[in-house]
Amino acid sequence: MARNIEEFLAQDERKDLLRFLTAGSVDDGKSTLIGRLLYDSKKLYEDQLDALERDSKRCGNAGDHIDYALLCDGLKAEREQGITIDVAYRYFATNRRKFIIADTPGHEQYTRNMITGGSTANLAIILVDARTGVITQTRRHSYLVSLLGIRHIVLAVNKMDLVDYDESRFLEIVGAYKRWIASQQLDIPDLVCIPLSALEGDNVVERSARMPWYEGPSLLHFLEQVPIEQDINLHDFRFPVQYVLRPDADFRGYSGKIASGIVRRGDRVVALPSGHTSRIARIVTYDGDLEEAFAPQSVTFTLEDEIDLSRGEMLVHPDNLPHVGHRFRAMMVWMDEQPLDRSKAFYLKQTTRTTRAHLTAVHHRVEINAGEQVEADGMKLNEIALVSLVADSPLIYDSYRANRQTGAFILIDPVTNFTSAVGMITEPEAERTAEASQGIVIDLAACGIAPEHDGAIAEFCRALRREAGIDIRCIRK
């Protein structure tokens with residue numbers, strides 16, 4: 001008996017993990033679909049089933065049916081209004097795979113919540129109401145999914161029971177969706193379209209006899225089979241140092257999570273941004289040393305040489321280098337209630353590195369609903385724009401398309417500590433060289449400047465160093 005339990009646990013540990021999100025407009029049935037998926041796959045406990053049946057009678061919105069959406073919509077306001085507001089995460093597993101579901105809100109005002117839920121997803125389920133077809137929110141969420149670099153998309157045409165399971169209606173919606181994707185040139189390499197009814201359970205876990213014209217897989221079968229191994233970048237070795245482990249005088253290790261790529265014991269590596277080189281001496285884990293490690297493992301490296309390496313720096317292979325620099329362009333989603341203040345310096349966090357940064361330009365804003373780019377000089381909540389940024393300290397990065405781990409960042413308001421924006425790096429910008437006139441020292445006291453202005457003067461000097469490479473130091477004798 002004990003051996004059977006150990007074998008079961010070992011088999012469960014070997015299962016891979018699929019993270020996916022659901023997105024769509026209001027009342028398209030996202031929460032109902034997830035609830036039905038959990039219910040029909042027998043992944044609910046008896047007390048959960050009892051509470052679901054009781055809550056369906058008390059505050060459900062599905063008539064005589066069980067309201068499966070209540071499994072995800074836990075906030076009081078969500079149950080009262082019958083909508084999703086916050087991101088709800090649910091975990092379940094089958095014999096083939098483990099799953100983490102992010103049920104994201106459909107309202108445009110909660111776009112930032114959807115970005116949060118999709119930041120780690122491998123797959124996205126875009127729900128469409130069979131009665132209304134492709135609408136503005138469908139296009140908006142598809143654009144955001146493409147922007148986040150999610151490669152696998154399921155177009156789930158829901159509520160087929162309300163259109164009498166009509167094949168022609170399903171094909172009409174699929175055709176319109178594919179034409180829109182082609183017109184916008186979205187990067188969606190894997191698209192699967194499934195007709196279903198979340199409320200009735202058609203094509204959710206089992207193939208439905210009510211749609212004999214559909215010959216594809218059920219939703220759960222597809223989720224169990226979709227290949228995600230190729231989504232991990234195993235070509236570009238990137239190891240952001242998170243912590244320098246020094247338990248005694250005889251051991252110095254560099255701990256962290258491998259962002260991408262594969263590394264083997266004895267490989268030559270370069271420490272960036274310093275450029276010092278060494279070789280991997282050991283790959284240390286809790287279970288013992290390894291001969292090789294790969295993303296997304298968390299390990300500790302020891303090097304053959306003593307080099308200066310600290311948190312925020314990165315180990316890479318010398319023949320496969322990322323970009324290193326202060327300036328870059330990025331697609332950015334604004335997540336703060338307060339509009340962008342271009343004069344403000346933010347904290348920029350990218351991998352394990354944190355530095356000060358500010359926006360130098362807003363090139364254009366993306367108007368998703370109209371499918372076009374419009375001029376802009378600022379950003380407001382939920383807006384998406386192409387921007388230029390400059391960081392005080394050099395960043396070590398790749399483009400987001402090449403590497404989601406090293407190409408993503410967040411901006412943090414230094415006063416409120418709120419996440420003001422999330423960004424996906426598109427390309428580097430040319431670094432500005434320092435002019436010959438450097439090393440200017442200004443005595444603030446001699447200039448008659450009051451001490452209360454020291455902070456503003458210091459920020460101005462930092463801006464000059466970033467923008468023009470002019471080194472101005474302000475002192476007070």
Side-chain angles (χ1 to χ4, degrees), residues 13 16-17 19 100 119-120 122 149 231-325 328 347-355 357 391-400 402-410 412 419 422-425:
E13 194 172 318
D16 62 354
L17 173 66
R19 297 174 180 267
I100 295 179
S119 59
T120 58
N122 307 102
D231 296 349
I232 301 176
N233 183 339
L234 296 177
H235 179 258
D236 307 316
F237 172 60
R238 306 286 187 261
F239 181 75
V241 176
Q242 182 175 349
Y243 183 72
V244 179
L245 193 61
R246 184 78 167 166
D248 54 53
D250 299 324
F251 186 92
R252 182 192 296 273
Y254 306 101
S255 304
K257 182 179 180 180
I258 301 175
S260 62
I262 302 174
V263 66
R264 297 173 177 84
R265 189 168 65 86
D267 280 3
R268 179 166 291 279
V269 291
V270 177
L272 297 176
S274 65
H276 296 138
T277 62
S278 185
R279 290 186 182 274
I280 301 292
R282 295 175 60 192
I283 305 175
V284 184
T285 70
Y286 177 81
D287 297 318
D289 287 14
L290 304 176
E291 286 297 312
E292 69 175 19
F294 51 87
Q297 285 180 299
S298 295
V299 296
T300 297
F301 293 123
T302 65
L303 303 179
E304 292 181 356
D305 305 287
E306 293 285 345
I307 63 175
D308 184 16
L309 192 61
S310 60
R311 177 181 174 87
E313 300 186 27
M314 190 178 291
L315 291 175
V316 302
H317 284 142
D319 57 348
N320 186 340
L321 300 177
H323 301 291
V324 180
F328 57 90
Y347 288 120
L348 186 150
K349 181 168 175 46
Q350 177 251 354
T351 63
T352 59
R353 196 172 186 82
T354 301
T355 182
D392 284 4
S393 301
L395 294 185
I396 307 156
Y397 63 92
D398 300 277
S399 71
Y400 186 80
N403 195 322
R404 291 177 68 179
Q405 306 302 317
T406 59
F409 65 90
I410 62 174
I412 303 171
T419 301
V422 297
M424 288 70 71
I425 299 174

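Keep in mind that this is a model prediction, so the values were computed, not measured. All residue numbers in this chain count up from 1 along the given sequence.
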Margin query: Let's go through Met314 and Thr406 carefully: what are the C-alpha distance in whole Å and the side-chain angles of both, what is the deciding distance for side-chain contact (heavy atoms from CB on, under 4.5 Å) to 0.1 Å, and is it a yes or a no?
Written below: CA-CA 10 Å; Met314 190 178 291; Thr406 59; 4.1 Å; yes
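- Rounded to the nearest 0.5 Å, atoms CG (Leu348) and CD1 (Ile410) are 8.5 Å apart.
- Asp398 is linked by a salt bridge (Lys or Arg N to Asp or Glu O under 4.0 Å) to Arg238, counting only residues two or more places apart in sequence or in another chain.
- Under the 30°/60° scheme for interplanar angles, the aromatic rings of Phe328 and Phe409 are found to stand perpendicular.
- In terms of the side-chain hydrogen bond (donor to acceptor under 3.5 Å, both in side chains) criterion, residue partners of Asp305 (sequence neighbours excluded) are, by chain and number, Ser278.
- Residues Thr277 and Val270 approach most closely at CG2-CG2, 3.8 Å, considering heavy atoms.
- Here the CG atom belonging to Asp231 is positioned 5.5 Å from the CG atom belonging to Asn122, to the nearest 0.5 angstrom.
- Interatomic distance, CD of Gln405 versus CG of Asp236, reported as 12.0 Å (0.5 Å rounding).
- Using a 3.5 Å distance cut-off with no hydrogens or angles, the side chains of Ser260 and Asn403 do pair a donor with an acceptor.
- A search for side-chain hydrogen bond (donor to acceptor under 3.5 Å, both in side chains) contacts involving Ser393 returns Thr355, not counting sequence neighbours.
- Residues satisfying the ring pair (Phe, Tyr, Trp, His ring centres under 6.0 Å) test with Phe239, not counting sequence neighbours, are Phe301.
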Candidate pair Val284 and Val299, rule side-chain contact (heavy atoms from CB on, under 4.5 Å), full reasoning | CA-CA 6 Å; Val284 184; Val299 296; over 6 Å; no
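- Here the closest heavy-atom approach between residue Ile307 and residue Ala271 is recorded as CD1-CB, 3.9 Å.
- At distances below 3.5 Å, at least one donor-acceptor pair connects side-chain atoms of Gln350 with backbone N or O atoms of Ile396.
- Here the straight-line distance linking atom OH of Tyr397 with atom CZ of Arg353 works out to 12.5 Å at 0.5 Å rounding.
- Under the side-chain contact (heavy atoms from CB on, under 4.5 Å) criterion, Ser310 pairs with Glu313, sequence neighbours left out.
- Nearest approach of Leu272 to Val324, heavy atoms of both residues: CD1-CG2, 4.1 Å.
- A search for side-chain contact (heavy atoms from CB on, under 4.5 Å) contacts involving Ala402 returns Ser399, not counting sequence neighbours.
- Closest approach of Gly253 to Thr300, counting heavy atoms only: CA-CG2, 3.7 Å.
- For Tyr400 against Ala408, the heavy-atom pair with the smallest separation is CE1-CB, 3.8 Å.
- Considering only residues two or more places apart in sequence or on other chains, Tyr243 meets the side-chain contact (heavy atoms from CB on, under 4.5 Å) condition with Leu245, Ser255.
- Here salt bridge (Lys or Arg N to Asp or Glu O under 4.0 Å) pairs that include residues 248-259, with residues two or more places apart or in two chains, are Arg252-Glu306.
- The stretch residues 270-295 participates, sequence neighbours left out, in these salt bridge (Lys or Arg N to Asp or Glu O under 4.0 Å) pairs: Arg264-Glu292, Arg265-Glu291, Arg282-Asp289.
- Scored by the side-chain hydrogen bond (donor to acceptor under 3.5 Å, both in side chains) test, Ser274 finds His276 as partners (sequence neighbours excluded).
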> Going through the checks in order, is the side-chain contact (heavy atoms from CB on, under 4.5 Å) test met by Leu303 and Ile280?
Replying inline: CA-CA 5 Å; Leu303 303 179; Ile280 301 292; 3.8 Å; yes
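- Minimum interatomic distance between Ile258 and Val263 (heavy atoms only, all atoms of both residues): CD1-CG1, 4.4 Å.
- Not counting sequence neighbours, the partners of Leu17 by the side-chain contact (heavy atoms from CB on, under 4.5 Å) test are Arg19, Lys98, Ile100.
- Side-chain contact between Val244 and Leu309 is absent, with no heavy-atom pair separated by less than 4.5 Å.
- To the nearest 0.5 Å, atom CG of residue Asn233 and atom NE2 of residue His235 are 8.0 Å apart.
- In this view, Phe237 and His317 satisfy the ring pair (Phe, Tyr, Trp, His ring centres under 6.0 Å) rule, not counting sequence neighbours.
- Side chain of Arg404 to main chain of Met424: no donor-acceptor pair is present (N/O by atom type, distance under 3.5 Å, no hydrogens or angles).
- Atoms OG1 and CD1, on Thr302 and Ile283 in that order, are 9.0 Å from each other to the nearest 0.5 Å.
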